[in-house]
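Working notes, beginning with the structure itself.
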Amino acid sequence: MDMHTVVVGTSGTTAQDVIAVARGNARVELSAAAVSALAAAREIVEALAAKPEPVYGVSTGFGALASRHISPELRAQLQRNIVRSHAAGMGPRVEREVVRALMFLRLKTVASGHTGVRPEVAQTMADVLNAGITPVVHEYGSLGCSGDLAPLSHCALTLMGEGDAEGPDGTVRPAGELLAAHGITPVELREKEGLALLNGTDGMLGMLVMALADLRSLYTSADITAALSLEALLGTDKVLAPELHAIRPHPGQGASADNMLRVLAGSGLTGHHQDDAPRVQDAYSVRCAPQVNGAGRDTLAYAATVADRELASSVDNPVVLPDGRVESNGNFHGAPVAYVLDFLAIVAADLGSIAERRTDRLLDKNRSHGLPPFLADDAGVDSGLMIAQYTQAALVSEMKRLAVPASADSIPSSAMQEDHVSMGWSAARKLRTAVDNLARIVAVELYAATRAVELRAAQGLTPAPASLAAIEALRAAGVEGPGPDRFLSPDLAAADAFVRAGKLVSAVEPVTGPLA
């Protein structure tokens with residue numbers, strides 16, 4: 001069902017609107033101002049098209065072929081051909097939400113009035129989104145420069161009634177059939193329109209926006225699981241004191257420490273070891289959780305700043321300027337977006353790494369301060385969570401590989417005309433995998449930490465009220481405790497779904513108050 005209607009104007013859009021369209025199937029409408037801006041810019045393009053002087057993208061070829069002047073009778077064919085020839089993607093299909101975000105963000109730029117596209121083309125883009133028609137877009141084909149060319153070309157094919165698309169029922173059919181079934185007339189592209197539909201950072205930007213939303217939730221969940229692990233290991237919460245974090249005033253660090261302190265309020269476990277054991281300080285994975293989690297939070301904040309700037313941008317080449325000039329530019333280069341996509345993969349890998357180290361500590365009888373080996377019911381007869389940690393470790397290892405930056409690479413294309421590219425699409429694709437893996441890693445720590453807290457309660461200690469609320473919600477979601485006669489995989493999958501849906505955060509906030 002539609003969440004609401006998103007009105008596309010001339011001044012960009014918001015992350016919330018992108019997610020509403022991509023994930024919530026919100027309807028899209030063009031504002032009156034956008035329609036007027038589209039018409040005004042189109043008049044400029046048509047006036048230039050009528051002149052004998054060549055204008056890039058209007059009356060010339062593209063890329064390395066930009067030196068050829070195209071006669072008027074061939075220009076419609078030129079625009080069709082650029083879409084057809086650039087729709088050269090290969091590999092698995094890209095997720096529906098990614099394609100919807102890509103289409104919506106391209107519409108955002110088209111509606112700015114800087115592209116020279118006719119109002120009826122923009123309206124067709126909105127109609128396709130509103131009909132729930134999703135072009136088939138493939139994994140490979142974008143270098144993240146001159147726009148996400150192949151992915152956007154497959155979307156433009158659908159507007160022309162060509163290629164394949166998925167209907168609202170999930171069935172893939174020829175795009176022409178789907179348009180006809182929804183009363184949508186295919187567009188016949190004119191000067192500059194084919195190029196304008198292809199030349200943007202929309203795919204990588206859409207994936208950045210959605211990754212930021214997912215990572216914000218995961219970072220709060222990771223603060224909670226870190227607190228649960230600290231509690232289960234009988235660690236001290238003194239390292240979370242606000243005055244300690246005030247003297248190193250990174251905002252994310254302070255927020256993570258405050259989250260953990262709220263979760264641990266009222267615990268009878270924290271610091272318990274100091275009465276009868278020589279341990280003075282907790283391990284780094286426990287003691288430094290706010291510093292690591294917090295640094296990641298600050299990276300998210302920077303990435304969100306870049307995303308907001310890009311959401312307010314009009315990315316095309318050439319662009320129609322308010323004074324009537326049509327100028328070539330390099331705004332389609334994906335470097336600003338590519339860099340932060342890679343930054344986010346790095347911090348996600350480190351968050352997963354520190355979470356796995358806490359899980360391993362919970363399972364090791366030599367470091368867990370009185371917990372049974374592998375948190376098993378009957379160690380030896382029962383392997384407990386031994387292999388759950390193996391799975392978590394395998395995920396962490398892949399996360400480290402995914403943290404290798406795509407944006408550090410470049411590969412020349414278009415006969416050396418496009419001799420430096422961002423690889424931003426690749427950075428976005430690997431980040432999506434990293435976000436998925438991080439949710440699984442946090443879920444394994446949650447499963448182990450709640451099991452360990454329950455074992456502490458059985459030893460006569462009193463867990464924090466927030467910890468008990470998390471355990472109760474997890475059990476209510478069908479995630480049972482481990483046992484010698486149980487398969488762990490269904491429980492781990494259910495714990496993963498619990499974390500992804502934000503249910504861990506919603507379970508503890510009635511006790512802790514709102515968490516950052």
Side-chain angles (χ1 to χ4, degrees), residues 1-39 42 83 93-113 115 117-137 148 151-189 193-194 196-198 200 202-203 205-207 209-210 213 311 314:
M1 294 182 64
D2 297 338
M3 292 173 57
H4 59 271
T5 296
V6 172
V7 178
V8 182
T10 59
S11 57
T13 190
T14 66
Q16 292 75 19
D17 283 346
V18 174
I19 291 171
V21 173
R23 292 179 167 172
N25 299 318
R27 287 188 59 78
V28 176
E29 290 183 3
L30 294 171
S31 71
V35 174
S36 296
L38 283 158
R42 186 63 200 174
V83 173
R93 284 181 58 193
V94 171
E95 303 86 357
R96 180 178 187 271
E97 65 177 23
V98 171
V99 179
R100 286 184 62 81
L102 179 148
M103 293 178 66
F104 172 68
L105 287 167
R106 197 69 214 141
L107 176 59
K108 175 267 298 181
T109 281
V110 165
S112 70
T115 67
V117 168
R118 287 170 295 148
E120 49 264 48
V121 176
Q123 185 59 56
T124 302
M125 297 171 75
D127 291 343
V128 168
L129 282 165
N130 292 338
I133 297 171
T134 306
V136 171
V137 173
D148 289 318
L152 282 163
S153 296
H154 284 278
C155 293
L157 269 185
T158 295
L159 300 179
M160 293 165 51
E162 299 181 14
D164 291 331
E166 179 185 295
D169 62 354
T171 302
V172 174
R173 296 167 56 191
E177 293 180 10
L178 285 168
L179 295 186
H182 289 85
I184 301 172
T185 301
V187 298
E188 295 183 8
L189 299 176
E193 290 180 333
L197 293 176
L198 315 185
D202 309 289
L205 176 58
M207 287 185 274
V209 168
M210 290 185 284
L311 288 168
S314 297

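- The closest side-chain heavy-atom distance from Asp17 to His4 is below 4.5 Å.
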Between Ile184 and Thr124, does a side-chain contact (heavy atoms from CB on, under 4.5 Å) hold up when you go through it step by step?
CA-CA 7 Å; Ile184 301 172; Thr124 302; 4.0 Å; yes

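- Atom CD1 of Ile19 and atom OG1 of Thr14 lie 8.5 Å apart (nearest 0.5 Å).
- Note that CE of Met210 is 5.5 Å distant from CZ of Arg23, once rounded to the nearest 0.5 Å.
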Assess whether side-chain contact (heavy atoms from CB on, under 4.5 Å) is satisfied between Val18 and Leu205, documenting all intermediate values.
CA-CA 10 Å; Val18 174; Leu205 176 58; over 6 Å; no

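- Between Ala39 and Pro119, the closest heavy-atom pair is N-CG, 3.9 Å.
- Counting only heavy atoms from C-beta outward, the side chains of His154 and Val136 never approach each other to under 4.5 Å.
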List the steps, then state whether side-chain contact (heavy atoms from CB on, under 4.5 Å) holds for Cys155 with Val137.
CA-CA 7 Å; Cys155 293; Val137 173; 3.9 Å; yes

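- No option in Thr13, Val28, Asn130, Leu107 other than Val28 meets the side chain to side chain contact (heavy atoms under 4.5 Å, CB included) test with Val21.
- Remark: Glu193 CD to Leu159 CG distance equals 10.5 Å, nearest 0.5 Å.
- For CD of Glu120, the number of neighbouring non-hydrogen atoms (other residues, nucleotides, ligands) closer than 6.0 Å is greater than 12.
- What you find for Thr158 and Ala165 is that their closest heavy atoms are OG1-CB, 4.0 Å.
- The shortest side-chain heavy-atom distance between Pro151 and Leu102 falls under the 4.5 Å cut-off.
- A distance of 6.0 Å separates CZ in Arg118 from CZ in Arg42, rounded to the nearest 0.5 Å.
- The heavy-atom pair separating Ala20 from Val6 by the smallest distance is CB-CG2, 4.4 Å.
- Closest approach of Asp164 and Val172 over heavy atoms only: CB-CG1, 3.9 Å.
- Remark: Thr134 OG1 to Met103 CE distance equals 7.5 Å, nearest 0.5 Å.
- Using a 4.5 Å heavy-atom cutoff, the side chains of Leu105 and Val209 are not in contact.
- Counting heavy atoms from C-beta outward, Val121 and Val110 have side chains that stay 4.5 Å or more apart.
- For the atom pair Leu179 CG and Asp127 CG, the distance stands at 9.5 Å (nearest 0.5 Å).
- Contact of the Arg96 side chain with the Asn25 side chain is registered, since non-hydrogen atoms from C-beta on lie closer than 4.5 Å.
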Leu129 and Arg100: CA distance, side-chain angles, deciding distance, side-chain contact (heavy atoms from CB on, under 4.5 Å) verdict:
CA-CA 7 Å; Leu129 282 165; Arg100 286 184 62 81; 4.0 Å; yes

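- Nearest heavy-atom pair across Ala34 and Thr10 is CA-CG2, 3.6 Å.
- For the residue pair Ile133 and His182, the shortest heavy atom distance occurs at CD1-ND1, 3.9 Å.
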